[in-house]
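In what follows, a single structure is set out as structure tokens and then discussed.
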Protein chains: 2
Amino acid sequence: MDSGVKKPGVTSSQVARRAGVSQSAVSRTFTPGASISPKTRAKVMAAAKELGYRPNAIARSLITNRSRIIAVVMAYLENLFYPDVLEELGRLLVKENYRLLLFTGFMDRDSDPVFDQLMQYRVDGIVLASTSLSSELSEECAAAGIPVVLFNRTTERDAVSSVTTRNREGGRRVAEFLVAGGHKRFGYISGLESSSTNRDRFAGYKEGLAEAGHTEIIYEVGNYDRAEAEAAARKMLSKPDRPDALFVANDHMAVAVMDVARHELGLSIPEDLSIVGYDDVGPARWTSYGITSMSQPLKRMVEATVNILMDQISSGEIEAEHRILNGELVVRTSARLPKSGVVEVDGRRIFKPAKG
Amino acid sequence: MDSGVKKPGVTSSQVARRAGVSQSAVSRTFTPGASISPKTRAKVMAAAKELGYRPNAIARSLITNRSRIIAVVMAYLENLFYPDVLEELGRLLVKENYRLLLFTGFMDRDSDPVFDQLMQYRVDGIVLASTSLSSELSEECAAAGIPVVLFNRTTERDAVSSVTTRNREGGRRVAEFLVAGGHKRFGYISGLESSSTNRDRFAGYKEGLAEAGHTEIIYEVGNYDRAEAEAAARKMLSKPDRPDALFVANDHMAVAVMDVARHELGLSIPEDLSIVGYDDVGPARWTSYGITSMSQPLKRMVEATVNILMDQISSGEIEAEHRILNGELVVRTSARLPKSGVVEVDGRRIFKPAKG
DNA sequence: CTGAAAGCGCTTACAG
DNA sequence: CTGAAAGCGCTTACAG
């Protein structure tokens with residue numbers, strides 16, 4: 001093996017020479033839909049194969065002004081929901097012949113360096129799935145004329161597209177479920193208070209409880225973070241007047257809360273405490289947890305995201321589109337069951353209260 | 001908000017005109033180390049700011065023949081170990097001023113389309129963290145003169161660089177630990193049998209057991225997959241002659257095995273069955289599992305990976321380098337403790353047998 | 001330190 | 001259908 005510098009790379013001109021045709025002919029051979037005779041194409045293909053030619057996507061991008069790269073901004077991947085999203089995004093984008101440039105592992109504070117790089121690589125579109133820098137970054141990108149989709153979040157000004165689920169209805173559904181289960185004292189462990197998902201989930205929960213006459217909510221902040229959720233759980237659940245029903249703003253935190261409740265505080269779930277989470281992510285399904293959780297239809301969310309992006313890229317029209325999908329309350333073992341309303345659909349148990 | 005096509009983008013020539021200098025001067029201003037007077041630089045910077053100029057990385061790549069893009073191939077992200085790796089890779093690569101192009105969500109079979117795209121984008125380096133297509137893909141890339149690092153795996157022919165931990169010693173350590181714990185019947189749930197990690201872990205385990213006089217190992221295949229691991233556990237643990245000590249080839253499977261053992265089969269851990277895993281990944285630390293596990297030093301592994309890549313890119317020398325790091329057996333609650341050898345280091349309990 | 005010029009590897013009117 | 005030519009937005013010898 002001779003160690004080598006990065007090999008020069010075969011160019012279309014070299015292939016052209018070998019095939020005895022013009023460089024344009026080579027280019028056309030590799031451009032779907034371009035006008036080229038079968039005979040010429042065959043000659044080019046043969047030469048290309050011999051030389052191991054592959055069109056240089058960088059050069060192509062420069063001239064077409066399309067990088068065929070979608071940037072995905074996802075600050076942290078600890079919550080398994082996001083790796084799942086990433087995997088599905090990878091799957092769908094490759095089908096559309098797009099590449100995925102990932103921005104992760106940075107502090108959620110500094111949006112400027114990220115933005116700079118997005119711009120430098122002239123990405124064709126952006127998926128923003130990072131909680132806190134959404135607003136600033138999305139406005140900048142939108143202003144630059146690049147399609148942006150906020151994934152699982154929205155901003156106040158709805159000038160930028162988003163894909164979400166009905167978080168408010170979800171929160172309300174959780175309230176109905178817990179009320180139907182006969183609980184008396186209600187708690188909430190919040191996600192990042194500035195995030196739209198948390199705001200909406202809490203608002204719906206509050207509304208739902210209020211309609212049933214429950215106006216007091218025992219409240220702690222978990223910031224969508226494991227350690228903070230544990231601390232919140234310790235604080236809330238070690239008091240004598242702890243709740244008997246607890247809505248945790250996502251499953252990632254709910255797992256931590258359950259561990260604290262059971263193993264540190266010796267509470268039985270759901271006998272002493274009912275817990276409901278959000279997302280229906282992997283660990284929620286593990287039998288150690290069996291979290292009753294509002295699901296978010298991940299595949300359909302990713303599909304909608306890619307569709308919006310592709311539409312905007314091909315039309316050149318950047319008109320904000322908001323896709324709002326429905327979730328379901330998947331019933332498992334972490335919360336007491338209500339007398340009615342739990343139905344079996346496709347082998348899963350769902351809470352569907354009779355319409356009032 | 002006027003919906004617009006992707007805005008044309010400001011070019012260096014426009015900035016030059018605005019600043020009253022040559023296009024070369026603009027280029028030099030944005031090339032670290034280029035010869036440019038403070039005065040000219042200031043004029044350029046002012047004009048650039050006014051116009052919102054950012055160098056076009058695509059054009060730069062074309063001429064420098066460096067894309068500053070590292071491809072990361074990671075077929076699936078279900079095992080949290082990999083998202084953790086991804087996050088750390090993102091962190092370190094951005095520090096080196098490299099971007100991360102992610103290939104994920106594809107079937108592990110088809111390596112050709114992936115390879116094609118790697119080549120088309122002229123990536124400067126590749127991190128291969130996908131189990132099954134490692135060998136073919138890595139050889140092709142190496143042949144093309146692109147630095148490749150196999151992450152957490154090796155191939156027979158060691159022409160391509162790799163970063164691993166001492167899996168064999170790890171397997172042996174697990175054996176020593178379980179033997180020291182006084183267990184009598186030993187089981188193994190394997191990962192992908194064709195993978196180097198699995199082969200080495202099993203070989204070490206077998207050796208370690210054999211040295212203590214235990215030559216029989218109850219064996220099932222889990223293929224590093226949750227569902228398959230569950231099935232393997234059901235089969236192995238429902239028999240009357242089930243093991244009392246079980247080494248599961250990674251934590252991702254160990255979690256599933258523990259759930260089956262406890263909740264389906266009613267076994268107590270570690271009273272009825274000791275379980276040891278590998279990786280020391282997130283869920284291993286959750287109190288519901290508390291898995292005793294061989295750790296892999298993720299941060300140092302990623303650091304080594306990036307170092308190898310950067311070295312090879314800057315030197316132009318692609319000489320295979322194999323970095324092999326040490327892990328530790330982190331002791332938690334999923335396995336019976338031996339009488340001696342467990343020590344406390346930095347607040348963690350580690351198994352360090354006295355040297356024989 | 002500076003500018004004019006060549007050239008990276010393509011796509012795409014344009015003329016035939 | 002085909003080829004010659006222009007040009008995408010940069011970097012980098014080269015000459016001054």
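Protein chains get the first letters and strands the later ones, always in sequence-line order, with residue 1 at the start of each.
Side chains of A:N56 and A:R54: a donor-acceptor N/O pair is absent below 3.5 angstrom, by distance only. There is a side-chain donor-acceptor pair under 3.5 Å between B:S12 and B:Q23.
For A:R41 and D:dT2, the CZ to P distance is 11 Å, given to the nearest whole Å.
For residues 300-313 of chain B, there are no salt bridge (Lys or Arg N to Asp or Glu O under 4.0 Å) pairs, not counting sequence neighbours.
Taken from CD in B:E96 to CZ in B:R68, the straight-line distance is 8.5 Å, to the nearest 0.5 Å. In this structure, the separation between CE on A:M74 and OG1 on A:T104 is 8.0 Å, given to the nearest 0.5 Å.
Candidate nucleotides D:dT2, C:dT2, D:dG3 were compared by shortest atom distance to the side chain of A:S35, and D:dT2 ranks first.
Residues B:S195 and B:Y224 come closest through the heavy atom pair OG-CE1, 3.5 Å. For A:L80 against B:L77, the heavy-atom pair with the smallest separation is CD2-O, 4.1 Å.
Ring pair B:Y53/B:F30 is perpendicular by interplanar angle, where above 60° counts as perpendicular and below 30° as parallel.
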task: Sugar-phosphate means primed atoms, P, OP1 and OP2; the rest is base. With that split, encode nucleotides 8-16 of chain D 5' to 3' as B, S or - using protein heavy atoms under 4.0 Å.
output: BBBBBB---
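Helical stems in DNA chain D, defined as runs of 3 or more consecutive Watson-Crick or G-U wobble pairs with both donor-acceptor distances under 3.5 Å, are listed by first residue as C:1-3 with D:14-16, C:5-12 with D:5-12, C:14-16 with D:1-3.
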